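Read the structure below first, then the notes.
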Amino acid sequence: MFGIETLSSTSQAAAQIGLVLAESIVLYVGYGALTQAVGPTVLDTLGGE
Amino acid sequence: MDVFGMSLLLILAFVGFGLMIGTLFGFFGMGGSFLVTPALLVIGYPAEVAVGSGLAFVFGTSVIGAIKHRDHGHVDYKLAAIMTVAMTIGIEAGKYVVLFLKATGQADLIISIAYVGLLAIVGLFTLRDARSTDDESSVDLSETVQGIELPPMVTLRGDIQVSGVIIFAVGLAVGVLSGFLGVGGGFLLMPAMMYGLGVPAAVAVGTDILQITISGAYGAFSYAQADAVALPVVGAMLIGSALGARIGAGATDLVDEDDIKGYFAAMLLAGSLAVGAKQLGTAYGIEALNTVSIVLIFGAALLVSSAVVLAAICRLRGDATGTWCRLTTS
């Protein structure tokens, strides 16, 4: 899974932390862009405007 | 259809759970790790995997916050460095205890009992906090602590002098808790730094989130070495929680935390009951109790995160009298 099975246990553990970090950054940037793009529209819709 | 060894339905369930946890974390500023490890325990993950995955989730949710606070200069690096060393030792000790308990076959039981107690205590304190009408401030021990001249003395930001031994002891205790239970430890570190050491609030928040990130990263790494991190579970929960954190943080501009704090306390108490029910169900082979535990922990998280979103929508609409909106004001 995730292509890290062949690494040693320490490298595998480090790779797992790296994957979590990379995912967090990608999600932060991605959701940030999404929020900027559709956030005001969603707020207007929820606010009943 | 299976993705990364899990059914698509299960992945979606973890994304949904992450969304709820993220909303709660973004709104209340705590609770990210309180429910992840217990939830994995009630689903049936082994204790060491529940703890290891909890720490990896804590790392993933706190790392962005830590980077933001670093940019704002809200970190005391001297304090962070001493705490990091102490917490690293503490985490290793906590992990050692978990792996020892695993070898004796007692890990699930002991960690579950610890969570029953932890969630009940934090839940009761939060409930008391929610019910207090006056502005009772927490007990401030900082002057007493700063008066203890146990060398080496360390000068922190705000020109505060505190014994390095005390800082180390606090970090060690929180580290043991992190390594043993898979929690970030922010619920202890924040009050310890502010009311114990006398660190200014903004610096305490920034240093606290940096510590949570470091302890989450180190703890997750340490458990991953023992093959005790369920990466697909963590990945799925992060997808939901990163979005939920934005929703929860957005809701703080609209809703007073105190309006919903009572619900949050009830959720922590429900989490305590859920872990207890799971243990009893497993011990006595009562399947119904296992179902009750899952319904309790996921149902409570769903109810409280929904209350946050509903309260925010009510404020957006300026509606304080509708049936649903009245439910979200205490």
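Throughout, a chain's letter reflects where its sequence line sits, starting with A, and its residues are numbered from 1. Note that the structure is predicted; figures quoted are calculated from it, not measured.
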B/Val51/B/Phe180 under side-chain contact (heavy atoms from CB on, under 4.5 Å): CA gap, chis, key distance, verdict: CA-CA 7 Å; B/Val51 173; B/Phe180 184 61; over 6 Å; no
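Pairs engaging residues 48-57 of chain B under the salt bridge (charged side-chain N to carboxylate O under 4.0 Å, His left out) rule: B/Glu48-B/Lys102 [sequence neighbours left out].
Contact tally against chain A (heavy-atom pairs below 4.5 Å) for B/Ile313, B/Asp227, B/Val229, B/Ile239: the top residue is B/Ile239. In terms of non-hydrogen atom pairs under 4.5 Å with chain A, the most contact-rich of B/Ser222, B/Gly235, B/Ala220 is B/Gly235. Taking A/Ser9, A/Ser11, A/Ser24 one by one and counting their heavy-atom pairs under 4.5 Å with chain B, the maximum is reached by A/Ser24.
For A/Thr10, the parts lying near chain B are the backbone and the side chain together; criterion is any non-hydrogen pair under 4.5 Å.
Side chains of B/Thr23 and B/Ser305: no donor on one and acceptor on the other come within 3.5 Å.
Using cut-offs of 30° and 60° on the angle between ring planes, the pair B/Tyr218 and B/Phe221 is tilted.
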